[in-house]
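Read the structure below first, then the notes.
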There are 2 protein chains.
Amino acid sequence: MFHIDQRSSTPIYQQLIQGVKEALLRGGLRFGDKMPSVRELAGQLAINPNTIQKAYQELERQGVIESLRGRGTFVCQHIEAHADLARQAEVNEALRKALIEAHYLGLGAEQIMAMVKEHLHDLSIGGE
Amino acid sequence: MFHIDQRSSTPIYQQLIQGVKEALLRGGLRFGDKMPSVRELAGQLAINPNTIQKAYQELERQGVIESLRGRGTFVCQHIEAHADLARQAEVNEALRKALIEAHYLGLGAEQIMAMVKEHLHDLSIGGE
DNA sequence: CGCAGTGTACTACCTGATATAGTACATATA
DNA sequence: TATATGTACTATATCAGGTAGTACACTGCG
């Protein structure tokens, strides 16, 4: 269901978080869908259940999914944008860093804007 | 000279790399400038010299600065864009992640584009 | 030449995050 | 009750980041 690179330096639980978010944007997951259980996904991906749980907990903290003991884990019906100031600053900083790196790769403003547009389209991110 | 947050989870040497690149874009550092010596900067920032050296080595690997044994470390005269494919992929992925996070903060495409433009202007990144 | 300042290299060690392993408990559903 | 689920907890191993200390090589200058 998700692609995990064991050799990657980025933690598995973060790869999983990223994968869920991308799947949601791309349509592979829809609002209300039931997620695989912690143990099931752990079996599929050959990963320790604790690692799955960690990813699920973080996704729940961010309001993307919802866990119900005894029932399962589900994608939230309405993903509300929670205006977390600290998180906003983080994202802003990450964006800034990416743009600086893009510049040091020799890309100009126009090329960078084109890349951004392409990503937004690819992720089906439209107007508000 | 640079602002380091000891409590940040991002490694000190990466903060330093980021700081040098930003200083260069903003004009705080100019091509040919002499960087503080490893020991001097370590003293100023109350950081181990090895950490400074690690940052300098990475900056040299990226072609931003140049170290001359016995003389010092200098900002390169001409920062050449080296088309490192692996690095390109990294930057592309970092940009993608940042955009996904921005979307989950509730930002629409227009707002994101506005943020990008603001950053590019703030960093004086123009056309090629 | 001798000396100070510089970059560089290396080993050893500590800490925290990551991931795994195992166990146990709570709750919902059939 | 039985099963599947989420949840919690301890213990362990590994690795990256950072620190500490030492040593060596080179440059520039008196």
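Basis for what follows: all heavy atoms, side chains included, without hydrogens, waters or symmetry-related copies. The chains referred to below are lettered A, B, ... by the order of the sequence lines, with proteins before strands, and numbering in each begins at 1.
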- Got a donor-acceptor pair under 3.5 Å from the side chain of Arg39(B) to the base of dG7(C)?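 Side chain to base: pair found, below 3.5 Å.
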
- Query: Do Asn48(B) side-chain and dG17(D) base share a donor-acceptor contact under 3.5 Å?
  - Reply: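 By the distance-only test, no, there is no pair.
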
Provide, to the nearest angstrom, the distance between the [atom1] atom belonging to [X] and the [atom2] atom belonging to [N].
{"X": "Gln57(B)", "N": "dC10(C)", "atom1": "CD", "atom2": "P", "answer": "10 Å"}
{"X": "Glu58(B)", "N": "dG17(D)", "atom1": "CD", "atom2": "C1'", "answer": "15 Å"}
{"X": "Tyr13(B)", "N": "dG17(D)", "atom1": "OH", "atom2": "C1'", "answer": "8 Å"}
{"X": "Lys34(A)", "N": "dT29(C)", "atom1": "NZ", "atom2": "C1'", "answer": "12 Å"}
{"X": "Arg7(B)", "N": "dG16(C)", "atom1": "CZ", "atom2": "P", "answer": "16 Å"}
{"X": "Gln14(A)", "N": "dA16(D)", "atom1": "CD", "atom2": "C1'", "answer": "14 Å"}
{"X": "Met35(A)", "N": "dG6(D)", "atom1": "CE", "atom2": "P", "answer": "10 Å"}
{"X": "Gln53(A)", "N": "dC9(D)", "atom1": "CD", "atom2": "P", "answer": "10 Å"}

- Message: Is it the case that the side chain of Glu60(A) and the backbone of Ser67(A) share a donor-acceptor pair, with hydrogens and angles ignored and the cut-off at 3.5 Å?
- Response: yes

- Query: Within the distance-only criterion (no hydrogens, no angle test), does the side chain of Gln15(B) pair as donor or acceptor with the backbone N or O of Thr10(B) below 3.5 angstrom?
  - Reply: yes

- Closest to the 5' end of DNA chain C, once Ile47(A) and Gly70(A) are matched to their nearest nucleotides, is Ile47(A)

Check the phosphate of [N] against [X], side-chain N and O only, distance under 4.0 Å to OP1 or OP2. Yes or no?
{"X": "Gln6(B)", "N": "dG18(D)", "answer": "no"}
{"X": "Thr51(A)", "N": "dT20(C)", "answer": "yes"}
{"X": "Ser67(B)", "N": "dT8(C)", "answer": "yes"}
{"X": "Lys54(A)", "N": "dA19(C)", "answer": "no"}
{"X": "Ser37(B)", "N": "dG5(C)", "answer": "no"}

- Verify the distance criterion only: is there a donor paired with an acceptor across the side chains of Gln14(B) and Gln18(B) at less than 3.5 Å? no

- For Gln44(A), look at atom CD and say whether over 12 heavy atoms of other residues, nucleotides or ligands are found less than 6.0 Å away.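 Counting other residues, nucleotides and ligands, CD of Gln44(A) exceeds 12 neighbours.
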
- Message: Can you tell me which nucleotide in dG18(D), dG22(C), dT8(C) comes closest to the side chain of Asn50(A)?
- Response: dG22(C)

- Task: Select one nucleotide: of dT18(C), dG6(D), dG17(D), the one nearest the side-chain heavy atoms of Pro11(A).
- Result: dT18(C)

- Item | Check against side chain to side chain contact (heavy atoms under 4.5 Å, CB included), Tyr104(B) and Val64(A) | CA-CA 9 Å; Tyr104(B) 275 98; Val64(A) 177; 4.1 Å; yes

- Looking for any heavy atom pair under 4.0 Å, which part of the strands does Thr73(B) touch: base, sugar-phosphate only, or nothing? sugar-phosphate

